[in-house]
Amino acid sequence: MKRRHTFLVSMLGFGFAFFYIPILSMIVYSFNESRLASVWGGFSTKWYVSLFSNKQVIDALILSLEIALVSASIATILGTMAGIALARFTKFRGRLLFSGLVTAPLIMPEVITGISSLMFFILMAQWIGWPAQRGFTTVTLAHITFSMVFVTTIVQARMLQSDRSIEEAAMDLGSRPWEVLRDVTLPVISPAVMSGWLLAFTISLDDVVITSFTTGPGSTTLPLLIWSKVKLGVTPDINALATLMVGIVAIGVVIAGIFMNRAEHRRQRDEQMAFRANG
Amino acid sequence: MAAAGEPFLRIENISKFFGPFQAVKDVSLNVAKGEIFSLLGGSGCGKTTLLRMLAGFEEPTSGKIFLDGRDMTGVAPWDRPVHMMFQSYALFPHMSVEKNIGYGLKHEKMSAQKKASRVREMLELVQLVPYATRKPHQISGGQRQRVALARALARQPKLLLLDEPLAALDKKLRERTQFELMSIQQRTGVTFIVVTHDQEEAMTLSDRIAVMDKGEVKQIGSPGEVYEFPNSKFVADFIGSITSFPATILERQTGQLRLSVPALGGEVMARDVPGLSEGQEATLAIRPEKLLISKDRPEGANAFQGTVKDLAYFGKDSLYRVILPSGVLVQAHAVNATRGGEAARVADWDDRVWISFAPSSAIVLAE
């Protein structure tokens with residue numbers, strides 16, 4: 001029993017080490033005084049200072065946040081609609097095809113998504129003259145197409161868990177379908193919608209591949225900037241930048257997790273209270 | 001307005017197909033205003049489908065529903081003066097008890113003050129005033145059931161549909177809630193249609209019961225009628241327990257039938273049933289509580305001798321299983337009217353006893 005326990009713990013330790021030592025070392029070296037990325041020269045926050053005085057970095061960060069904000073919001077609206085449709089309308093013509101098409105980007109290699117988006121934008125520009133130039137709009141559109149899938153999956157799972165009859169009850173009490181959606185369906189699935197948004201936001205924020213295919217001159221997002229800088233050698237300010245990105249993404253994921261869990265916990269606790277009060 | 005003599009709710013030749021499967025088969029029935037009417041049957045008998053068609057969630061494949069003289073065909077659920085209490089209660093989890101109850105009033109043209117007082121009235125009706133601001137997950141199952149009832153009644157529907165209203169409650173609470181439901185129905189005067197699989201629930205709650213099987217209505221009648229005068233083996237079997245034997249009709253006399261029942265080892269006198277003819281094969285059925293058990297030969301007809309094979313003591317009564325010379329087992333209930341425990345009971349294991357029943361207690365079925 002004891003040995004097995006040790007074995008499991010050490011396997012867990014190895015697993016975590018494999019994932020997190022590279023990230024940890026990056027975070028540690030972002031506070032490195034030395035100019036050489038591989039030599040420790042004492043603690044310093046000067047790379048963060050230089051980062052924030054670098055206009056190129058700040059512009060890239062703002063662009064990334066803007067793209068993430070817009071694409072996550074639109075992806076959430078579209079993804080929620082698709083999720084509700086897939087969960088509620090069990091029978092419609094082409095449902096299988098629709099659900100396959102919605103979830104295909106999950107397994108599609110990013111390079112393929114990137115190339116096809118690029119081709120699409122080029123052809124569009126030839127046919128209707130839009131988009132004349134690739135940049136914010138094209139990157140945002142491309143991000144919407146692949147982050148929407150995640151929202152759809154989360155919302156669909158939540159919808160399948162929820163009791164169909166509460167929507168029927170609202171309808172029975174005089175509400176038309178859109179009122180049912182507004183009063184009952186959306187409030188009930190709102191934690192899932194929120195966590196879908198956060199997920200879409202973080203996915204958009206750290207995407208490199210699809211962004212690099214669909215962006216144009218002058219529109220460099222933060223991950224693209226890091227990528228181009230690394231090609232010239234790893235410098236400590238890259239470490240600082242990457243640490244910031246890890247921080248933002250981690251916060252997003254943690255908040256999404258809290259949203260998902262908190263509602264469940266509160267419900268369980270209240271149910272126990274009700275049981276004790278009436279038992 | 002309903003024409004004179006027009007029933008409040010008229011269901012006319014309703015059928016419902018799901019693909020090739022026919023869930024409801026040509027059902028017609030009438031319900032009077034203020035009645036508690038039950039649809040009783042096992043799972044898959046079509047009772048819930050019928051209820052959902054009344055609510056407007058399903059459209060009948062053929063047939064019509066008239067409520068208070070108005071044809072309900074094509075009327076959307078949100079436009080029907082019909083509200084439903086769902087089996088799962090279907091309370092809105094993100095709304096407080098009072099918001100839940102007041103939800104339907106949103107669509108009523110009345111002042112906010114009037115709405116608030118209507119919610120208050122409903123809370124009082126179901127005795128939930130102290131819980132008004134709680135969320136559904138903060139109250140007990142029985143309280144949730146009452147919120148669901150209050151919510152469905154708040155808009156004063158013409159018809160209230162109750163889908164297994166007591167199924168989710170435990171036994172003690174169920175008995176109490178039954179009487180509560182009946183008293184609320186009497187106070188509000190709303191017509192209730194109850195779907196249930198529980199025959200006891202249907203018997204105690206209802207003015208009339210429709211017993212359903214495989215999408216068809218087998219019998220409609222008051223609880224007393226369907227219990228004492230079932231028109232088929234299915235109804236007799238479904239409501240209460242019954243012992244039945246194959247029989248042949250020997251003779252029709254004035255108001256009486258003489259049957260040959262080989263399993264009982266003799267002839268039986270029974271009350272006449274219209275539509276039977278001499279020489280016809282039939283079924284004789286008897287409720288266990290109508291079978292009397294005694295040591296000595298009783299007076300009159302319909303007495304047969306047997307041996308006690310098994311007995312079970314329930315306190316207020318005992319169940320005897322008596323084996324007849326033909327090898328057939330019959331069940332008889334006897335009330336333990338005198339005190340004295342085991343020593344006071346009518347018969348013991350392996351005793352020779354007589355079982356008997358009144359001719360009026362015998363149910364003769366033509367199948």
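Hydrogens, waters and symmetry mates are skipped; everything else that's a heavy atom, side chains included, is used. Model, not experiment: these values are computed from the prediction. In what follows, chains carry the letters A, B, and so on, assigned in the order in which the sequence lines appear, proteins first and then strands, with residues in each chain numbered from 1.
- A pairwise comparison of heavy atoms in B:L153 and B:R118 identifies O-NH2, 3.4 Å as the closest pair.
- Across all their heavy atoms, B:G142 and B:L169 have their closest contact at CA-CD2, 3.8 Å.
- Taking 4.0 Å as the cut-off between side-chain N and carboxylate O, A:R176 and B:D79 count as a salt-bridged pair.
- In this structure, the portions of A:E179 lying under 4.5 Å from any heavy atom of chain B include both its backbone and its side chain.
- Evaluation of the side chain to side chain donor-acceptor pair (under 3.5 Å) rule for A:S116 yields no partner, not counting sequence neighbours.
- Residue contact with chain B, scored on non-hydrogen atoms closer than 4.5 Å, involves the backbone and the side chain of A:D172 alike.
- Residue B:H83 touches chain A through both its backbone and its side chain, counting heavy-atom pairs closer than 4.5 Å.
- If you measure heavy-atom distances from B:M95 to chain A, the contacts under 4.5 Å come from the side chain alone.
- B:L91 touches chain A through its backbone: at least one of N, CA, C or O sits under 4.5 Å from a heavy atom, while the side chain does not.
- Using a 30° and 60° split on the angle between ring planes, B:H107 and B:Y103 fall in the perpendicular class, above 60°.
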